[in-house]
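Following: one structure in structure tokens, then a few remarks.
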Amino acid sequence: MDFYVNALGAVLTIGPLVAMIGATLLGVFIGALPGLNPVMAIALLLPLTYSMDPLVALGMVAGIYNGSMYGGAIPAILLRIPGTPASIATTFDGFPMADKGAASKALKIACWSSAVGGIASAIALMTVGPLLARVTLFFGPAEYFWIAMFGMASVGVMVGSDPVKGVMAAVLGLLIGTIGIDNLSGQARFTFDQTWLLGGLDLIVVLVGLYALPPVLQLAEKCDLKGLSAAQLKLSDVPFEPGERRGLFPTWLRSSGIGIGVGILPGAGGNIAAFLSYNAARNASADPDSFGKGNPQGVAAAECGNNADNAASMIPALALGIPGNVVAALVLSALTIHGLQPGPQLFHQNPMLVGGFMMEMLITSILIFAMGGAVATRAFAQFQRLPGVLLVPSILILMCVGVFVINGRPIDLWVMLAAGIAGYFLEKVNVPLAPIILGMILGPMAEQSVRRALLISRGDATELLTRPISAGLAVMTVLVIVWPIAKTLRRRKARREN
Amino acid sequence: MEKRQDIVLGLIFVGLGLAAAWMARSYTGASGIYPMTLGLILTLLGGTVAAKAVRSGSDEMRQLVAAPSKMITATVIATVYVAAVVPLGFYTASFLLMLVLPIALGFRQWVYATVVAAIFITVVYLVFSVLLEKPLPREAILLLLAPGG
């Protein structure tokens, strides 16, 4: 309990508070603009957090994450354009509600549902995270190595449609992570006699390029020359009717559980949580045919589900160093920026920071109630009057300024551009980008751990497999890779028999 | 699956993996074994992707670029912008980008674009140069206007 009381004291100071409030508003704004997403926004934000207090930086990440997951519902309801991929399911009933003249009510339900899902998820993070971290007290270098391998294997296999491409992306990330001077031997690797490569490729520079540039190029391709008219964005505040909130409670409970479960699984994201929650709500309904035609329960399920994924995805990220989704991978990068090694040791070395971040996830979810409602929704909906084509250079400028201020090196701009163009094409050929970043984050930990483990065992590689926990983790890693292959072979065999 | 794309993708990764493994040969001791192993695994995975594509019976169309002219325009202008940031200065290059890119993509409301550009660049200046005091590439125009410039 002291853990959270101390963390709350640190979070409720002026810096983190201002960061959370500002970032939650900014998050709603980003989510409301189709083409912008939380991943891009956090990637753009990270370079700016170098000189900030870690709790302020993480407060901003938490605010943008929670705010944007709700913000995505605004265009989903008003225009049937999901602001973020996680709000696709919101369009199913949100837009029909708006079509019937109940846009304000749909937005209110989305706001409440997002907040409820976010709060439930943060509570799950605060209870399960420390328990999981306690297990990691028994970890040595061999276990850390397998944790890194398990994380990359699971994200590589589960993200994207082709497990081989996912694992290939993870290995590419590991290889990029070896660029620069080897910490243990002092050997320069893959530097091509370039001094700027001695420190390796900057994680944030690559990350901004990979995640922020592809959506910008896609936005340019869409070439939206006209924003929305003022008439399309006229909204008013509509109160809940008596008993209406009570009616939504079972949906919130069910969707929160689903979102938390999905969040803990590495590789699954808010969109899966939203779809599963939506289906569960329809299956549980006495009138399933009304779904897709403007049923408020559909909006509540989708929005509660996608926000309940948020903090839960941080459980494996903070306790084990395995991000549940891309944003969790970005949070790990934010921790790396501040000199903290993501992974099991984080809870023991920086309890105040981890506890503070958990609190920030909770507080920013509560802030959605306070700020994400009528005022912010109405204000940010107005930004959809801006033509998408003007957003393209704006985001490019933010990317460049963000990357330049990290090291003050023009070469980083070229690295970002190259990474972005590569990311654009890799996404198009179904190579997921998250494992590349994860490989860059976990690669150094994996390499140093395996070499330390071998030094301790005097070169005996069996040591990596003979300790009970490391053996268990090794088996899990193999299973994670073999399972989808076995499933594909079984499916192919069944198809042949049919 | 688009066969040709996956074959090319697989071969690119095979090339990358082999190049990494070959370069890692010259690194001493354990610092070479790790990247060499990764290079060989990457080669194997790239080969698997290419082989899978060759063996696959289906060949669905997969669009690599949705609007090639727009994508190329945006990429070329972004490249020119990155090249111009240091010689022209950050704010000058950014202001020009805010005007040129939308126009190149078909936006014809000059006044609207100029107003948005002015507001946006002012906000960026206030945040990065005034509030955060981050050093950015100096403006060439200010150097020219300076006495003796």
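So that the names make sense, note that chain A is the first sequence line, chain B the second, and so on, each numbered from 1.
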With only heavy atoms counted, which part of B:I121 is less than 4.5 Å from chain A, the side chain, the backbone, both or neither? side chain

Atom group of B:V82 that falls short of 4.5 Å from chain A, counting heavy atoms: both

Check B:K70 against A:E221 and note the closest heavy-atom contact, atom names and distance. CB-CA, 4.0 Å

Count the heavy atoms belonging to other residues, nucleotides or ligands that lie under 6.0 Å from CH2 of A:W196, then report whether that count exceeds 12. yes

Supply the atom-to-atom distance B:L9 CG to A:K165 NZ, rounded to the nearest 0.5 angstrom. 6.0 Å

Go through the structure and list residues passing ring-ring contact (aromatic ring centres under 6.0 Å, His included) with B:F95, not counting sequence neighbours. none

Partners of B:Y125 by ring-ring contact (aromatic ring centres under 6.0 Å, His included), sequence neighbours excluded? B:Y91

Among residues 447-458 of chain A, those lying within the under-4.5 Å heavy-atom range of chain B are A:E447, A:R451

B:F107, part contacting chain A, at a heavy-atom distance under 4.5 Å: both

Looking at residues at least two apart in the chain, or sitting in another chain, which of them share a salt bridge (charged side-chain N to carboxylate O under 4.0 Å, His left out) with A:R409? A:D412

Heavy-atom pairs under 4.5 Å with chain B: which of A:L175, A:V164, A:D182 has the most? A:L175

Segment of B:V127 engaging chain A (4.5 angstrom heavy-atom cut-off): neither

Under 4.5 Å from any heavy atom of chain B, what part of A:L172 do you find: side chain, backbone, both or neither? both

Shortest non-hydrogen contact between A:C400 and B:Y81, atoms and distance: SG-CE2, 3.4 Å

Heaviest contributor of heavy-atom pairs below 4.5 Å to chain A, chosen from B:G46, B:A117, B:S94, B:A19, is B:S94

Contact part of A:F404 toward chain B, heavy-atom cut-off under 4.5 Å: side chain, backbone, both or neither? side chain

Segment of A:S394 engaging chain B (4.5 angstrom heavy-atom cut-off): both

Proximity breakdown for B:L101 and chain A, heavy-atom pairs closer than 4.5 Å: side chain

Tell me the closest heavy-atom pair linking A:A446 and B:Y34, and the distance in Å. CB-OH, 4.4 Å

Against chain A, label B:A83 side chain, backbone, both or neither, depending on which of its atoms sit under 4.5 Å from a heavy atom there. both

Note: vs chain A, highest number of non-hydrogen pairs under 4.5 angstrom among B:L99, B:I33, B:L42 is B:L42

On a heavy-atom basis, the closest approach of A:F190 and B:Y27 is N-OH, 2.8 Å

Against chain B, work out which of A:L413, A:L426, A:V171, A:I397 has the most heavy-atom pairs shorter than 4.5 Å and name it. A:I397

Please state whether the side chain, the backbone, both or neither of B:L105 comes within less than 4.5 Å of a heavy atom of chain A. both

Between B:T79, B:T48, B:L16, B:I41, the one whose heavy-atom pairs under 4.5 Å with chain A are most numerous: B:T79

When A:E427, A:Q187, A:M416, A:Q218 are compared by non-hydrogen pairs under 4.5 Å with chain B, the top option: A:Q187

Do the side chains of A:L417 and B:T75 get nearer than 4.5 Å, heavy atoms only? no

Indicate yes or no: at least one non-hydrogen side-chain atom of B:F120 is less than 4.5 angstrom from one of A:L390. no

Heavy-atom pairs under 4.5 Å with chain A, option from B:G39, B:A74, B:P35, B:A113 with the top count: B:P35

So for atom CG, which belongs to B:L126, do other residues, nucleotides or ligands contribute more than 12 heavy atoms lying within a distance under 6.0 Å? yes

Looking only at non-hydrogen atoms, find the nearest pair between B:K134 and A:V405 and report the distance. CB-CG1, 3.5 Å

Taking it one step at a time, do A:L396 and B:I77 satisfy side-chain contact (heavy atoms from CB on, under 4.5 Å)? CA-CA 11 Å; A:L396 258 176; B:I77 294 177; over 6 Å; no

Between B:P102 and A:V389 the two heavy atoms that sit nearest each other are CG-O, 4.1 Å

Between B:V100, B:L64, B:V86, B:V124, which residue shows the highest count of heavy-atom pairs closer than 4.5 Å to chain A? B:L64

Looking at B:M23, B:Q63, B:Q5, which makes the most heavy-atom pairs under 4.5 Å with chain A? B:M23

